[in-house]
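Only heavy atoms go into these numbers, but all of them, side chains included; no hydrogens, no water, no symmetry mates. First the proteins, then the strands, lettered A, B, ... as listed; each starts at 1.
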Amino acid sequence: MPLADPTIRVRIAPSPTGPLHIGTARTALFNFLFARHVGGTFLFRLEDTDLARSTTENERDIIEGLHWLGITWDEGPDAAGGDDIGPYAPYRQMARSASHKAAADRLLADDAAYPCYCTTDELEADKRAQEAAHQPPRYVGRCANLTAAERAAREAEGGVPALRFRVRPGVVGWNDMVRDRIEIDTANLGGDFVIVRADGTPLYNFVVVVDDAAMEISHVIRGEDHVSNTPKQILMLEALGYPVPEYGHLPLILNPDGTKMSKRKSQTAVDDYRGQGFIREGLVNYLAYLGWSPGTEEDVLSLDEIIERFDIDKVQKGGARFDRDRLEWLNGQWIRQLQPEDLIDRLRPFLEAARDDGRISRVPSDDEVRSLMPVVQERLPTLAAIVDLVGFLWVDELVVDPALVVPKRWDAATTVDGLTAARAALAAHDPVTWEADELEPPLRELVAARGWKAGDLFMAIRVATTGRTATPPLFDTLVALGPERTIRRLDAAIATLTAPIARA
RNA sequence: GCCGCAUUCGUCUAGAGGCCCAGGACACCGCCCUCUCAAGGCGGAGAUCACCGGUUCGAAUCCGGUAUGCGGUACCA
């Protein structure tokens with residue numbers, strides 16, 4: 001652990017207008033990594049000013065999702081539901097409106113901002129005119145220099161003003177932590193911009209500046225889609241007399257087609273990945289490598305190892321497409337590294353879900369699952385895959401496609417012959433020694449005696465007892481199935497194969 | 001349209017003037033292992049480092065331009 005550095009303070013400030021987004025999680029992760037690597041403070045602030053779209057369910061989803069990933073904050077809402085934790089509480093914007101109001105009043109008093117009485121109709125007309133003239137859209141400044149008398153007149157007419165920030169001419173620049181020097185001429189900012197709506201509620205860009213300053217944020221690390229907000233925020237910081245933090249703009253996570261990742265084209269909810277059986281270790285590892293790499297040839301790293309190696313200088317500048325194949329591979333890597341007992345615990349909800357929707361008839365005991373670990377753990381790309389892999393073990397009525405039971409090189413008659421002989425050999429086996437290395441030799445002998453290929457017989461037995469052509473090793477599977485069900489399933493398969501033959 | 005940013009195998013990336021006619025990983029293909037499927041091992045294919053000029057003895061790496069892509073352009077966040 002590095003020595004604590006109280007001067008480094010970073011934050012994630014999601015707005016609860018939707019469930020935890022993979023992009024939010026990635027931004028949170030990078031802030032977290034940055035803070036933990038240098039021993040700084042990582043805080044969480046809820047940007048809940050969009051009343052119409054914010055919900056408490058989303059808040060919970062975001063907080064829980066981040067914690068699930070192992071991303072924890074030093075200051076912010078209490079994940080357990082208690083009061084906000086930290087010296088700068090509250091950590092939700094709606095609860096901080098007094099300070100926003102004070103800042104707005106200060107800007108107004110300094111004439112750094114002014115009331116704007118323009119109506120939406122006027123604004124839209126301006127925009128249309130600019131479009132027609134092939135001019136970039138910008139506020140024309142109609143209310144920028146109103147006299148006190150003019151303002152009073154507007155008020156008297158019932159005009160309710162929004163508050164606009166006065167954009168000064170010049171160039172605003174900063175040394176971005178990931179993309180070096182960026183300079184933007186304020187003439188391209190679209191004119192004076194609104195910071196407080198006519199209804200009195202403040203806008204994101206303004207609130208963020210006030211809250212970040214109040215919480216003494218030293219480094220603002222966020223998505224590239226915010227670079228155009230940065231000059232506006234710097235301008236407001238200057239007007240308010242606050243120090244300007246360092247900025248770092250992360251490359252975007254992209255859809256497979258290269259556009260900014262969206263719900264429309266990709267799966268974006270962290271909880272959906274979780275529900276599909278991705279584990280936190282895999283997801284975090286994958287997310288960290290989207291736009292960053294340690295510069296070594298390591299690719300499977302734990303959160304702690306990533307913290308150790310994290311360096312914002314090594315963050316990529318270009319966007320990164322989300323590659324689910326790679327995520328699955330990493331997830332499998334991490335599933336294989338889990339302690340068996342841990343894996344069993346994590347598998348349980350997926351087995352319960354499968355039982356609830358009828359894919360399996362019952363949830364196996366921990367002992368049953370534990371005995372399967374040696375053959376199952378290395379075969380799981382996701383936790384949810386357990387059901388496809390060995391769900392047949394917990395199904396009462398196994399449905400077997402007769403066509404599948406007959407191996408490629410065999411015909412139905414040979415298959416019946418083979419299964420019957422195998423059934424006899426297995427039925428003769430002492431149920432007490434029903435173990436993989438006990439079951440195999442007699443069947444090998446049978447194969448040799450009849451001149452068959454082991455693979456053919458084994459495949460017939462496999463499909464007859466599991467309904468599938470791909471399973472864990474056959475004899476381990478039969479052991480898990482137990483003598484009784486093995487014989488019963490063999491009988492059932494033989495019966496379905498003989499019926500049509502008898503008719504023919 | 002305007003402003004900004006980006007551009008190394010299909011994808012994620014290594015690379016900070018000679019170590020690179022470019023390394024790793026995923027995906028793909030083949031072989032080995034093998035009762036199937038995985039896992040694992042080995043090997044293969046895959047990038048004229050977007051393009052064009054320049055600087056230099058030497059450029060993926062520095063400079064300029066072009067192209068393409070993306071982001072932003074709200075009384076959204």
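- Across B/C3 and B/U8, the matching P atoms stand 25 Å from one another, rounded to whole Å.
- Pairing of B/A27, defined by two Watson-Crick or G-U wobble distances under 3.5 Å, is not identified with any nucleotide.
- A salt bridge does not link A/E47 with A/R222: none of the charged nitrogens is closer than 4.0 Å to a carboxylate oxygen.
- Atom CZ in A/F322 sits about 15 Å away from atom P in B/A27, given to the nearest Å.
- Interface remark: the A/R326 side chain does form a donor-acceptor pair with the B/A25 base, using a distance-only criterion of under 3.5 Å.
- A donor-acceptor pair shorter than 3.5 Å cannot be found between the side chains of A/D121 and A/T119.
- For the P atoms, the distance linking B/C49 with B/C33 amounts to 41 Å, nearest Å.
- The partner of B/U56, taking Watson-Crick or G-U wobble pairs whose two distances both stay under 3.5 Å, does not exist in any strand shown.
- A/T230 and A/H249 form a side-chain donor-acceptor contact under 3.5 Å, judged by distance and modelled atom types alone.
- In a base pair of the Watson-Crick type (N1 to N3 plus N6-O4 or O6-N4) or a G-U wobble (N1-O2 and O6-N3), with each distance short of 3.5 Å, B/U48 is matched with no nucleotide.
- For the pair A/L330 CG and B/A27 P, the interatomic distance rounds to 10 Å; values are reported in whole Å.
- Minimum heavy-atom separation, A/P251 to A/E224: CA-OE1, 4.1 Å.
- Taking CG of A/N331 as the reference point, atom CG of A/L383 lies at 7.0 Å (rounded to 0.5 Å).
- Nucleotide B/A14: unpaired (no Watson-Crick or G-U wobble partner with both distances less than 3.5 Å).
- A side-chain donor-acceptor contact under 3.5 Å links A/Y114 and A/D192.
- Comparing the P positions of B/G44 and B/C57 gives an interatomic distance of 39 Å, to the nearest angstrom.
- Comparing A/I182 and A/E297, the nucleotide of RNA chain B nearest to each residue sits closer to the 5' end for A/I182.
- Both A/H134 and A/D313 lie near RNA chain B, and the one whose nearest nucleotide falls closer to the 5' end is A/H134.
- Separating the CD1 atom of A/I184 from the C1' atom of B/C5 is a distance of 9 Å, rounded to the nearest angstrom.
- Atom name C1', nucleotides B/C51 and B/A67: the rounded distance is 7 Å, in whole Å.
- Inspection of the A/D211 and A/H100 side chains reveals an N or O donor paired with an N or O acceptor under 3.5 Å.
- Nucleic acid contact class of A/P251 (heavy atoms, under 4.0 Å, all strands): none.
- Nucleotide B/C9: unpaired (no Watson-Crick or G-U wobble partner with both distances less than 3.5 Å).
- Rounded to an integer number of Å, the gap from A/R324 CZ to B/U11 C1' is 15 Å.
- Base pairing of B/C76: no nucleotide in any strand meets the Watson-Crick or G-U wobble criterion (both distances under 3.5 Å).
- Within residues 457-464 of chain A, the residues approached by RNA chain B to less than 4.0 Å at the level of any non-hydrogen atom are A/F458, A/M459, A/R462, in residue-number order.
- Per the geometry, CG belonging to A/L439 stands 16 Å off P belonging to B/C35, to the nearest Å.
- At a threshold of 4.0 angstrom between heavy atoms, the contacts of A/P256 with the nucleic acid are absent.
- Rounded to an integer number of Å, the gap from CZ of A/R379 to C1' of B/G40 is 12 Å.
- Comparing the C1' positions of B/U7 and B/U13 gives a spacing of 14 Å, expressed to the nearest Å.
- Comparing the P positions of B/G1 and B/G17 gives an interatomic distance of 37 Å, to the nearest angstrom.
- Closest approach of A/L146 and A/Y117 over heavy atoms only: CD2-CD1, 3.9 Å.
- Judged purely by distance below 3.5 Å, without hydrogens or angles, the side chains of A/D411 and A/T414 pair a donor atom with an acceptor atom.
- Between A/R444 and B/C35, a side-chain N or O to OP1/OP2 separation shorter than 4.0 Å is present.
- Nucleic acid contact for A/K408: none, since no nucleic acid atom lies under 4.0 Å from a heavy atom of the residue.
- In this structure, A/E440 places its CD atom 11 Å from C1' of B/U34, rounding to the nearest Å.
- Side-chain contact annotation: A/R197 with A/T201, donor-acceptor N/O pair under 3.5 Å present.
- As the counterpart of B/U34, no nucleotide is assigned, since no Watson-Crick or G-U wobble pattern has both distances under 3.5 Å.
- A/Q316 has a side-chain polar atom (N or O) that falls below the 4.0 Å cut-off from OP1 or OP2 of B/A14.
- Rounded to the nearest Å, the gap between the C1' atom of B/C20 and that of B/G58 is 13 Å.
- Relative orientation of the A/F310 and A/F30 rings is perpendicular, given thresholds of 30° and 60° on the angle between their planes.
- Within 4.0 Å (heavy atoms only), A/S293 reaches sugar-phosphate atoms of the nucleic acid but no base atom.
- Residue A/R264 qualifies as open at atom CZ: its count of foreign heavy atoms under 6.0 Å is 12 or below.
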With B for base contact, S for sugar-phosphate-only contact and - for none (protein heavy atoms under 4.0 Å), nucleotides 59-77 of chain B reads -----------SSS-SBSB
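- Spacing between B/G72 and B/C28 at atom P, rounded to whole Å, works out to 33 Å.
- Across every strand in view, B/G4 sits in a pair with B/C70 that passes the Watson-Crick or G-U test at under 3.5 angstrom.
- A/W73 is listed as a side-chain neighbour of A/I63, based on a closest heavy-atom distance under 4.5 Å.
- A/R336 comes within 4.0 angstrom of the backbone, heavy atoms only, and of no base.
- Rounded to whole angstrom, the span from the CG atom of A/L327 across to the C1' atom of B/A27 amounts to 14 Å.
- At a threshold of 4.0 angstrom between heavy atoms, the contacts of A/G291 are confined to the sugar-phosphate backbone, with no base atom among them.
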